[in-house]
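So the structure is just underneath, and the comments pick up after that.
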Amino acid sequence: MLPFFKDATLSTEEVAQRLLGCLLIKEEDNQTTSGWIVETEAYVGIDDEACHSFNSRRTPRLESMYKEAGTVYIYQMHTHHMVNIVTRTQAEPQAVLIRAIEPYEGIPLLEKRRNRKGIELTNGPGKLTKAMGITMADNGSAADKAPLYISDEMRKTPRLIEQTQRIGIPNKGQWTDALLRYSVEGNPYVSRKKGKPMNDHGWKAMIH
DNA sequence: TTTAAGATTGACT
DNA sequence: GTCAATCTTAAAG
């Protein structure tokens, strides 16, 4: 069965929402770290002024965006790495940015790499990649295979998905205002959060 | 050849 | 609130 994030017929917005609650897993040298995805953003291709592939821009750095759905696209900005999942086809270079996770496995290693505890481990796109040891070495790999992959076997379900403007996109007209950021309402690991987190972190109760 | 800006973060005033 | 770290890309000199 094809994982939903490899199904290029699904819209990028749909994939961004369905990724919430999936586990992001990194395996390396007998060390596994993972966490549930709690915040994503959709970058919808050549018409989207905020998207790296806007206006069909294509450079060596962007090559992964032009690969098949389910490809990992790692981008480095300033001193930080960001992890994306490609969602469509070569003709439609679109992707979902994973902006935050709620830690599950390997928390001591996350704490060591970040030299922080609690929400500061993974409540931002550059923070989670540093915590999980995600680098350019992961660029272009498949998101359904180790060492860096998405799993929905342990998936959680958001009670409510909050939909807001993307972070860090000024002066881009309608693309600044577009509601293409999705997050689990009440989850403390969502980036730039002020409000009080919910006791259940915004997940629906498990059904036994 | 030089410069500026960017899907960010952390240290500092 | 300001600002620098540090790498790719595009555009100006």
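- Side-chain proximity of A:Ile167 to the nucleotides C:dT8, B:dT8, B:dA7 is greatest for B:dT8.
- Between atom CE of residue A:Met132 and atom OG1 of residue A:Thr122 there is a gap of 9.0 Å, rounded to the nearest 0.5 Å.
- Contact annotation: A:Arg114 side-chain N/O to B:dT9 OP1/OP2 distance is not under 4.0 Å.
- To the nearest angstrom, P of C:dA10 lies 13 Å from CZ of A:Arg58.
- Counting to the nearest Å, the P atom of B:dA7 and the CZ atom of A:Arg192 are 12 Å from each other.
- Contact annotation: A:Lys127 side-chain N/O to B:dG10 OP1/OP2 distance is under 4.0 Å.
- The side chain of A:His78 contributes no N or O atom lying less than 4.0 Å from OP1 or OP2 of C:dA4.
- Between C:dC3 and B:dA5, the two P atoms lie 14 Å apart (nearest whole Å).
- At B:dT9, none of the side-chain N or O atoms of A:Thr79 fall inside 4.0 Å of OP1 or OP2 (strictly under the cut-off).
- Taking atom CG of A:Leu121 as the reference point, atom P of B:dG10 lies 11 Å away to the nearest angstrom.
- Note: OH (A:Tyr73) to C1' (C:dT8) measures 10 Å, nearest angstrom.
- Nucleotides C:dA4 and B:dA4, compared at atom P, are 13 Å apart to the nearest Å.
- Between the P atom of C:dC7 and the CG atom of A:Asn139 lies a distance of 16 Å, rounded to the nearest Å.
- The aromatic rings of A:His201 and A:Tyr189 sit perpendicular, their planes meeting at an angle over 60°, well past the 30° parallel limit.
- One finds no salt bridge joining A:Glu49 and A:Lys172 here, because no Lys/Arg side-chain nitrogen approaches an Asp/Glu carboxylate oxygen to under 4.0 Å.
- Comparing C:dT9, B:dT9, B:dA7 by their nearest atom to the side chain of A:Tyr43 picks out B:dA7.
- Nearest nucleotide to the side chain of A:Arg116, out of B:dA7, B:dG10, C:dT9: B:dG10.
- Checking C:dT6 for Watson-Crick or G-U wobble geometry (two distances, each under 3.5 Å) identifies no partner in any strand.
- For A:Thr87 against A:Val96, the heavy-atom pair with the smallest separation is CG2-CG2, 3.6 Å.
- Classification of A:Glu162 and A:Lys193 as a salt-bridged pair holds, one side-chain N sitting under 4.0 Å from a carboxylate O.
- Taking atom P on both C:dT6 and B:dC12, the two are 16 Å apart, rounded to the nearest angstrom.
- A:Gln76 comes within 4.0 angstrom of sugar-phosphate atoms only, judged by non-hydrogen atoms across all strands, and of no base.
- A salt bridge between A:Asp48 and A:Arg166 is present, with a side-chain N of the basic residue lying under 4.0 Å from a carboxylate O of the acidic one.
- Distance, A:Met77 CE to C:dA4 P: 16 Å, rounded to whole Å.
- Toward the 5' end of DNA chain B, the nearer of the two residues A:Asn171 and A:Pro125, judged by each one's closest nucleotide, is A:Asn171.
- In this structure, A:Leu97 reaches the bases: a heavy-atom distance under 4.0 Å links it to at least one base atom across the strands shown.
- Counting non-hydrogen atoms under 4.0 angstrom, A:Arg166 reaches nothing in the nucleic acid.
- Between the CG atom of A:Asn115 and the C1' atom of B:dT9 there is a distance of 14 Å, rounded to whole Å.
- With rounding to whole Å, A:Asn84 atom CG is found 11 Å from B:dA7 atom P.
- Put simply, A:Arg99 has a side-chain N or O that comes within less than 4.0 Å of OP1 or OP2 on B:dT8.
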